[in-house]
There are 2 protein chains.
Amino acid sequence: MTNNNNFSSISTSSRSLHVQVARSIARGILSGELAEGSIVPNEMTLCSQFGVSRTALREAIKLLTSKGLLESRPKIGTKVVNRAYWNFLDPQMIEWMDGLSDSKYFCSQFLGLRRAVEPEACALAAIHATEEQRTELSRIFNQMVEVTENFDLDSWTEVDLSFHRLIFNSTNNDFYLPFGNILTTMFKTFILHSSKHGGVCLDEHRLIYEAIMAGDGDRAKAASVDHLQSKKHRLPEAI
Amino acid sequence: MTNNNNFSSISTSSRSLHVQVARSIARGILSGELAEGSIVPNEMTLCSQFGVSRTALREAIKLLTSKGLLESRPKIGTKVVNRAYWNFLDPQMIEWMDGLSDSKYFCSQFLGLRRAVEPEACALAAIHATEEQRTELSRIFNQMVEVTENFDLDSWTEVDLSFHRLIFNSTNNDFYLPFGNILTTMFKTFILHSSKHGGVCLDEHRLIYEAIMAGDGDRAKAASVDHLQSKKHRLPEAI
DNA sequence: TTTTATTATTTGTATGACAATTTAATATAG
DNA sequence: CTATATTAAATTGTCATACAAATAATAAAA
């Protein structure tokens with residue numbers, strides 16, 4: 001219901017050649033190996049380096065340009081754009097960061113944004129969620145209860161993500177929607193499988209859930225702040 | 001200094017064919033004319049519709065795929081992805097929205113996010129800004145004072161944007177960086193040239209500025225909240 | 001009825017050619 | 001010698017065509 005998309009999960013085309021090339025170049029940029037402001041080798045050189053046709057290579061470059069990493073001009077070449085223009089609020093970019101920088105630091109940076117955005121999202125969801133979305137939220141919270149009773153980490157991860165994702169959707173604000181995907185990607189890419197959580201965490205979610213269902217934005221916000229302040233969420237803490 | 005990129009501003013290639021085609025298709029999707037979940041015409045059909053080669057068309061589709069709007073598979077075709085995957089936190093996407101939906105509503109939605117993110121950005125900037133960034137912030141605030149004394153709307157807009165943009169940069173948090181570009185694009189695309197502001201607004205900025213320079217995160221945050229609550233900021237209010 | 005093979009459709013990739021853009025070198029004029 | 005205009009060269013931009021790969025739909029076989 002929340003996804004009428006029958007295609008395989010979001011980044012279907014890992015096998016696609018231009019995506020592989022794009023990932024490789026992206027990681028070169030993100031790691032600093034290809035310096036900001038520098039000109040990357042011209043198309044024919046890159047083609048032979050990667051052993052692909054110009055068609056595939058150019059599609060890769062277009063993808064990276066769309067993320068704010070590259071910019072091309074005739075006669076000049078293709079340049080690595082200033083970091084201030086890189087769009088880190090993009091799931092694919094986040095995937096590409098995997099293993100490049102210190103994961104703990106990267107996750108704590110993300111938490112720094114999440115703490116700003118998610119409480120407000122909860123408040124907006126409490127006010128703007130449709131009846132259909134509230135029904136769905138009930139369904140998901142019931143699943144959460146069930147999973148907690150018979151605990152299994154993978155099941156918990158899935159239902160936990162569905163819960164937070166649905167909250168972003170329920171803001172019915174276009175600018176909050178992408179955080180559902182960003183959060184999902186962060187979890188799937190950087191999640192720590194350590195996990196000393198369970199029962200207590202359910203209660204935190206319950207407070208958020210009940211406040212949203214009651215239409216109480218302030219309480220939902222406060223509950224979310226508490227949840228994100230708690231040491232139990234899964235992404236690594238602080239630096 | 002904040003931009004070592006000599007290329008013309010961010011979306012240089014409006015003249016680029018595949019970008020024009022991408023914009024046209026994107027607006028079809030964003031307006032709802034091309035429904036979520038539907039299959040768009042196949043490549044050859046689109047090529048003749050737009051009068052471009054398959055190369056150009058495919059580069060356009062790759063661009064839209066990168067924004068989360070489309071997804072392609074052999075034999076199936078290219079599908080409009082569910083709205084929940086569209087990445088509205090992308091300057092190009094925001095440009096494409098121009099004139100499609102009610103601007104006031106769109107801007108008020110953005111304000112709903114900005115109120116969550118920017119106060120926290122100010123707090124982080126107060127704590128994490130480098131000496132260089134603090135020097136630059138002083139320079140910009142001085143410009144603000146000058147512009148206020150001899151008021152000119154375009155000059156004000158420019159320095160105002162620089163101010164807010166530098167704050168996002170000064171968080172030194174990768175996930176806050178993109179908001180500088182997003183804010184800039186929102187202003188340049190949707191700004192109301194009505195403008196009944198001037199002196200008073202400078203004081204609001206002064207409070208933010210002084211708190212950041214003093215390294216007082218809480219005060220910076222509070223000042224930013226006040227600024228965004230005030231009726232004087234330029235994007236349309238509420239719905 | 002179920003499984004397997006075939007076929008058709010669409011995107012994916014490769015190649016070669018030429019156009020457009022703009023820096024840099026060169027020639028020309030003063 | 002300097003300044004300006006012209007020319008040339010390098011790189012991306014666009015086009016056309018051909019074939020490969022993937023997969024849904026269909027047909028055939030068990």
Side-chain angles (χ1 to χ4, degrees), chain A residues 4-25 29 34 37-81 92, chain B residues 4-25 29 34 37-81 92:
Chain A
N4 64 13
N5 155 5
N6 294 322
F7 286 23
S8 60
S9 59
I10 195 65
S11 63
T12 170
S13 33
S14 296
R15 60 260 271 218
S16 168
L17 207 42
H18 80 268
V19 175
Q20 294 176 329
V21 172
R23 181 188 137 96
S24 177
I25 298 175
I29 296 170
L34 292 169
S38 66
I39 302 285
V40 304
N42 68 35
E43 291 179 347
M44 289 318 292
T45 306
L46 289 172
C47 284
S48 44
Q49 274 184 27
F50 288 103
V52 301
S53 71
R54 224 186 129 200
T55 308
L57 181 88
R58 281 179 57 82
E59 287 177 358
I61 289 177
K62 293 298 166 296
L63 176 51
L64 299 177
T65 302
S66 165
K67 307 298 190 194
L69 294 175
L70 292 177
E71 197 161 15
S72 300
R73 294 185 82 183
K75 167 73 182 176
I76 309 300
T78 298
K79 188 173 182 174
V80 179
V81 177
Q92 208 165 16
Chain B
N4 64 12
N5 156 6
N6 293 324
F7 286 23
S8 59
S9 58
I10 193 66
S11 62
T12 169
S13 33
S14 296
R15 11 136 96 138
S16 168
L17 206 42
H18 78 269
V19 175
Q20 294 177 328
V21 172
R23 181 188 137 98
S24 177
I25 298 175
I29 296 170
L34 291 169
S38 65
I39 303 286
V40 304
N42 68 35
E43 290 179 348
M44 288 318 292
T45 306
L46 289 172
C47 284
S48 43
Q49 273 184 28
F50 287 104
V52 302
S53 70
R54 225 186 126 200
T55 307
L57 181 87
R58 281 180 57 82
E59 287 176 358
I61 288 177
K62 292 298 165 293
L63 176 51
L64 299 178
T65 302
S66 164
K67 308 296 189 196
L69 294 175
L70 291 178
E71 196 162 15
S72 299
R73 294 186 80 185
K75 168 70 182 178
I76 308 300
T78 297
K79 189 174 183 173
V80 179
V81 176
Q92 209 165 15

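These values consider heavy atoms only, across backbone and side chains, with no hydrogens, waters or symmetry-generated copies. Numbered from 1 within each chain, the chains take letters A, B, ... in sequence-line order.
Not one side-chain nitrogen or oxygen of B:Ser53 sits closer than 4.0 Å to the OP1 or OP2 atom of D:dT14.
When the P atom of D:dG13 is taken as reference, atom CG of B:Leu63 falls 13 Å away, rounded to whole Å. At whole-Å resolution of the value, CG in A:Leu17 and P in C:dT11 are 18 Å apart. Following rounding to the nearest Å, B:Ile61 (CD1) and C:dT13 (C1') show an atom-to-atom distance of 15 Å. Between B:His18 atom NE2 and D:dC15 atom P there is a gap of 12 Å when expressed in whole angstrom units. Atom pair B:Glu43:CD and D:dA22:P shows a separation of 16 Å (rounding to whole Å applied). One atom, CG of A:Asn42, and another, P of D:dT12, lie 5 Å apart when rounded to the nearest Å.
Between the base of C:dT23 and the side chain of A:Lys75 there is a donor-acceptor pair shorter than 3.5 Å. No hydrogens or angles were tested; on distance alone, a donor-acceptor pair under 3.5 Å links the side chain of B:Arg54 to the base of C:dG12.
Applying the salt bridge (charged side-chain N to carboxylate O under 4.0 Å, His left out) test to pairs two or more places apart or on separate chains, those with a residue in residues 37-53 of chain A are A:Glu43-A:Arg54, A:Glu43-A:Arg58.
DNA chain D is contacted by both B:Glu59 and B:Pro74; B:Glu59 maps to the nucleotide lying nearer its 5′ end (nearest heavy atom per residue). Between B:Met44 and A:Thr55, the one whose closest nucleotide on DNA chain C sits nearer the 5' end is B:Met44.
Looking at the side chain of A:Arg73, the nearest of the listed nucleotides D:dT14, C:dT22, D:dA24 is C:dT22.
At least one donor-acceptor pair closer than 3.5 Å links the side chain of B:Thr65 to the backbone N or O of B:Ile61. One N or O on the side chain of B:Lys67 and one on the backbone of A:Ser66 form a donor-acceptor pair closer than 3.5 Å.
Between the side chains of A:Ser38 and A:Lys79, no donor-acceptor pair of N or O atoms lies under 3.5 Å.
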